[in-house]
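One structure is given below, encoded as structure tokens.
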2 protein chains.
Amino acid sequence: MDVNTEQSMEQSILETAERLFLEKGFVLTSTTEIAKEVGCNQALVHYYFRTKDNLFNTIFEQKFKLFFQHIFDLGNLDELSFTDKLKHIIESHFDMLNANPKLPLLIISEFSRRPEQVGILKEKLQTVPQKLFEKLNAQLNAEISAGKIRQTTLADLILTMVSLNVSLFLFIPIAGEIASLNEAQRQFMIVHRREEHVNVILNSIRP
Amino acid sequence: MDVNTEQSMEQSILETAERLFLEKGFVLTSTTEIAKEVGCNQALVHYYFRTKDNLFNTIFEQKFKLFFQHIFDLGNLDELSFTDKLKHIIESHFDMLNANPKLPLLIISEFSRRPEQVGILKEKLQTVPQKLFEKLNAQLNAEISAGKIRQTTLADLILTMVSLNVSLFLFIPIAGEIASLNEAQRQFMIVHRREEHVNVILNSIRP
DNA sequence: CGGTAGTTTAATAGGTCTATTAAATAGGTG
DNA sequence: CACCTATTTAATAGACCTATTAAACTACCG
């Protein structure tokens with residue numbers, strides 16, 4: 001088989017399923033529809049993945065990791081000041097979401113509506129880089145002690161960042177439906193808010 | 001019929017449907033299940049509301065209004081400074097969400113996943129109090145001109161507020177599942193973040 | 001060329017869901 | 001009581017969904 005030009009059915013199913021799950025969520029995506037989009041028989045989906053839950057978990061283990069672990073993956077720019085590191089983390093987290101704008105809703109809905117099922121992936125997420133958190137935390141506390149940053153915690157800062165970044169991409173479809181944003185307006189909003197999130201957070205930690 | 005002690009079936013169906021829609025979303029809630037919880041025949045749900053879509057729209061027109069219009073409903077504390085008004089708006093918005101913690105996910109998922117259906121309610125939301133927005137906006141611009149607040153827009157401030165407040169209640173189920181928060185920890189987090197959201201926003205607008 | 005393992009399909013069981021229909025029941029009014 | 005309207009139920013049509021099974025197809029290997 002020509003591996004370069006023609007992908008395996010298994011791979012096609014995976015990619016189509018990923019796209020559909022992200023677009024419509026777990027419940028509204030049927031194995032029948034996945035098969036139709038791939039152009040294969042519906043039984044083939046079950047041949048490769050046995051159950052719809054399996055297929056979902058196979059795909060989104062990786063997505064969950066992306067979503068949760070990305071935050072600390074680049075806090076190791078050692079030479080930078082805390083503020084510059086923070087700016088970098090915010091922008092990089094924002095960019096990750098911009099590249100995966102439908103990921104937050106999927107993760108939030110699946111966690112909220114089918115916690116038992118998604119909880120299976122829980123232990124695989126526990127690999128949060130504790131080390132990097134501790135290092136950043138130490139640097140933050142040093143700056144607080146030096147009176148350069150107001151009293152706060154790293155957890156609060158991260159929660160604020162994730163809240164701002166995630167919400168933007170959650171709200172864009174609503175804004176699109178209600179305020180009828182066109183593509184240019186949508187793009188402007190994204191660029192503008194990227195800056196604004198940095199401003200808000202950096203301003204908010206001044207003493 | 002004893003109206004005081006025994007509600008009508010129609011009312012029971014409405015209340016049960018509201019609870020289930022909020023818990024599990026539109027797709028995962030069936031008219032069969034609503035009927036079972038109410039203790040009536042499934043056809044009765046359709047007798048009163050004809051379709052599941054009707055039932056959903058009947059219930060959530062009011063919820064949508066609550067969600068979108070609450071923001072400006074109390075910006076009319078004329079004597080307060082802009083900063084104090086803003087603090088008041090943030091806290092009041094937060095409290096509304098705390099009283100309806102499952103509302104944000106429902107609204108966001110339904111808008112994102114079934115925009116056609118929910119778009120029907122769009123025009124009913126257009127009644128945003130333009131007047132109050134303009135008044136607040138004028139006051140903000142005055143303070144900016146006076147150099148008391150950094151350059152920003154009211155829309156940005158509101159988006160930031162909604163992002164912070166909404167996200168907290170979106171993330172709590174996830175935090176509960178992953179970090180296994182108990183009820184006391186959950187409550188502490190809510191009280192703490194209510195203060196923090198005010199701090200972040202008010203600090204962030206200093207010049 | 002025959003066999004064999006892996007892939008794909010057709011067919012279908014068994015379940016649930018929405019919505020409709022016709023029949024049963026209840027409650028009030030003349 | 002007889003009637004009438006509004007409510008409630010039982011039954012079911014029709015659609016779709018997940019998962020399984022057995023049969024067909026393909027390609028490679030000896």
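For the pair A:Thr31 and B:Gly39, nearest-nucleotide mapping onto DNA chain D gives the more 5' position to B:Gly39.
Electrostatic pairing of B:Arg150 and A:Glu196 counts as a salt bridge here, judged by a charged N lying under 4.0 Å from a carboxylate O.
We find that CZ of A:Phe26 is positioned 10 Å from C1' of D:dT18, with the value rounded to whole Å. When rounded to the nearest whole Å, the span between CZ of B:Arg50 and P of C:dT21 equals 12 Å. Atom CD1 in B:Ile34 sits about 11 Å away from atom P in C:dA19, given to the nearest Å. As a whole-Å value, the separation of A:Leu44 CG from D:dT18 C1' is 15 Å. Atom CD of A:Gln11 is separated from atom P of C:dT8 by 13 Å (rounded to the nearest Å). The distance from atom CZ of B:Phe56 to atom C1' of C:dC17 is 18 Å, rounded to the nearest whole Å. Remark: P of D:dT8 and CD1 of B:Ile13 are 8 Å apart, rounded to the nearest angstrom. Between B:Met9 atom CE and D:dT7 atom C1' the separation is 10 Å, expressed in whole Å.
Under the 4.5 Å side-chain criterion, counting only non-hydrogen atoms from C-beta, B:Val162 is not in contact with A:Ser167.
In the model, A:Gln11 has a side-chain atom that pairs as donor or acceptor with a side-chain atom of A:Glu15 under 3.5 Å. For the residue pair A:Thr160/B:Arg193, the side-chain donor-acceptor check at 3.5 Å is satisfied.
Minimum atom distance to the side chain of A:Lys52 is reached by D:dA19, of the listed C:dT9, C:dT7, D:dA19.
Every residue meeting the side-chain hydrogen bond (donor to acceptor under 3.5 Å, both in side chains) condition with A:Glu183, not counting sequence neighbours, appears here in chain and number order: A:Arg186. Applying the ring pair (Phe, Tyr, Trp, His ring centres under 6.0 Å) test to B:Phe188 and every residue at least two apart in sequence or in another chain returns B:His192.
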Checking A:Leu157 against A:Phe82 for the side chain to side chain contact (heavy atoms under 4.5 Å, CB included) test, could you report, in this order, the C-alpha distance in whole Å, the side-chain angles of both residues, the deciding distance, and whether it holds?
CA-CA 12 Å; A:Leu157 283 177; A:Phe82 180 81; 3.9 Å; yes
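At the heavy-atom level, A:Thr32 lies under 4.0 Å from base atoms of the strands shown. Nucleic acid contact class of A:Tyr48 (heavy atoms, under 4.0 Å, all strands): sugar-phosphate only.
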Atom pairs under 3.5 Å, N or O on each side, protein against nucleotides 11-15 of chain D: can you list them with distances?
none

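Within the 4.0 Å cut-off from OP1 or OP2 of D:dA19, at least one side-chain nitrogen or oxygen of A:His46 is found. For the OP1/OP2 pair of C:dT7 and a distance below 4.0 Å, the side-chain nitrogens and oxygens of A:Tyr47 include at least one atom meeting the criterion.
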